[in-house]
Amino acid sequence: MNQLKELETLCAVHDVVRKRVRGTVTQIANHIGISRSCFYNYLERIKEMGGNVGYSRATQCFYYENEFFLKVKIAVSYTHLRAHETGRNL
């Protein structure tokens, strides 16, 4: 899995927890498009970053027990130089 896809999935798991999406672990994981074990792996990553994640059996939802914010910024720059602009063969 490429890194961009992993970041997208991490953000999706964070949104599920932040929004308190209801459902079983299997239902939530399927909604995101990942396996149940993969979902738990992403929760573990969030916990490693300081997010205390709880689960309510009564309401069937994950939630943050602390204030936790996840902000991902990606910057990509690309420069294409033509051979005649550099004065040499590329």
Side-chain angles (χ1 to χ4, degrees):
M1 186 182 295
N2 68 37
Q3 292 176 345
L4 184 58
K5 180 64 178 164
E6 287 184 18
L7 285 173
E8 288 174 348
T9 305
L10 179 65
C11 290
V13 171
H14 167 68
D15 283 345
V16 161
V17 178
R18 184 177 57 83
K19 294 176 181 176
R20 297 181 177 227
V21 173
R22 293 181 179 204
T24 65
V25 176
T26 303
Q27 290 170 332
I28 293 170
N30 287 341
H31 174 73
I32 296 172
I34 58 176
S35 69
R36 187 176 176 205
S37 61
C38 195
F39 180 80
Y40 278 118
N41 289 338
Y42 279 101
L43 284 181
E44 197 58 40
R45 288 183 188 180
I46 289 172
K47 290 176 183 179
E48 289 170 0
M49 291 186 273
N52 295 331
V53 179
Y55 182 77
S56 169
R57 288 184 180 167
T59 58
Q60 284 192 324
C61 72
F62 287 91
Y63 60 92
Y64 284 113
E65 297 172 336
N66 62 333
E67 285 193 40
F68 180 75
F69 302 97
L70 178 67
K71 188 172 186 176
V72 177
K73 287 187 176 184
I74 299 173
V76 178
S77 68
Y78 176 79
T79 304
H80 177 78
L81 298 176
R82 294 186 201 113
H84 72 275
E85 292 176 16
T86 62
R88 60 186 181 148
N89 293 332
L90 294 179

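Using a distance-only test at 3.5 Å, with no hydrogens or angles considered, a donor-acceptor pair links the side chain of Asn66 to the main chain of Asn52. A donor-acceptor pair under 3.5 Å is formed between the side chain of Asn2 and the backbone N or O of Leu4.
Contact annotation: the side chain of Phe62 never approaches that of Val13 to less than 4.5 Å [non-hydrogen atoms, C-beta and beyond]. Side chains of Ile46 and Tyr64 form a contact here, defined as non-hydrogen atoms less than 4.5 Å apart. Under the 4.5 Å side-chain criterion, counting only non-hydrogen atoms from C-beta, Tyr63 is not in contact with Arg18. In this structure, Tyr42 and His14 have side chains that are not in contact, with every pair of non-hydrogen atoms separated by 4.5 Å or more. Looking at heavy atoms from C-beta onward, Leu43 lies in side-chain contact with Val17 at the 4.5 angstrom threshold. Side-chain contact between Arg45 and Thr9 is absent, with no heavy-atom pair separated by less than 4.5 Å. Contact of the Asn41 side chain with the Glu44 side chain is not registered, since no non-hydrogen atoms from C-beta on lie closer than 4.5 Å.
Considering every non-hydrogen atom in both Cys61 and Arg20, the closest pair reads CB-O, 3.7 Å. The minimum heavy-atom distance linking Glu65 with Gly54 is given by the pair OE2-CA, 3.7 Å. The two atoms that bring Ala29 and Phe39 nearest to each other are CB-CB, 4.0 Å, heavy atoms only. Across all non-hydrogen atoms, the minimal contact from Ile32 to Ala12 is CG2-CB, 3.9 Å.
Within 6.0 Å of CD in Glu67 there are 12 or fewer heavy atoms belonging to other residues, nucleotides or ligands.
By the rule that hydrophobic residues join a cluster once side-chain heavy atoms approach within less than 4.5 Å of another member, Phe69 and Val72 end up as members of separate clusters.
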Report the C-alpha distance between Tyr40 and Val25 in whole Å, list the side-chain angles of each, state the deciding distance to 0.1 Å, and finish with yes or no for side-chain contact (heavy atoms from CB on, under 4.5 Å). CA-CA 9 Å; Tyr40 278 118; Val25 176; 3.1 Å; yes
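Here the CG-CG distance, from Leu70 to Leu7, works out to 8.5 Å after rounding to the nearest 0.5 Å.
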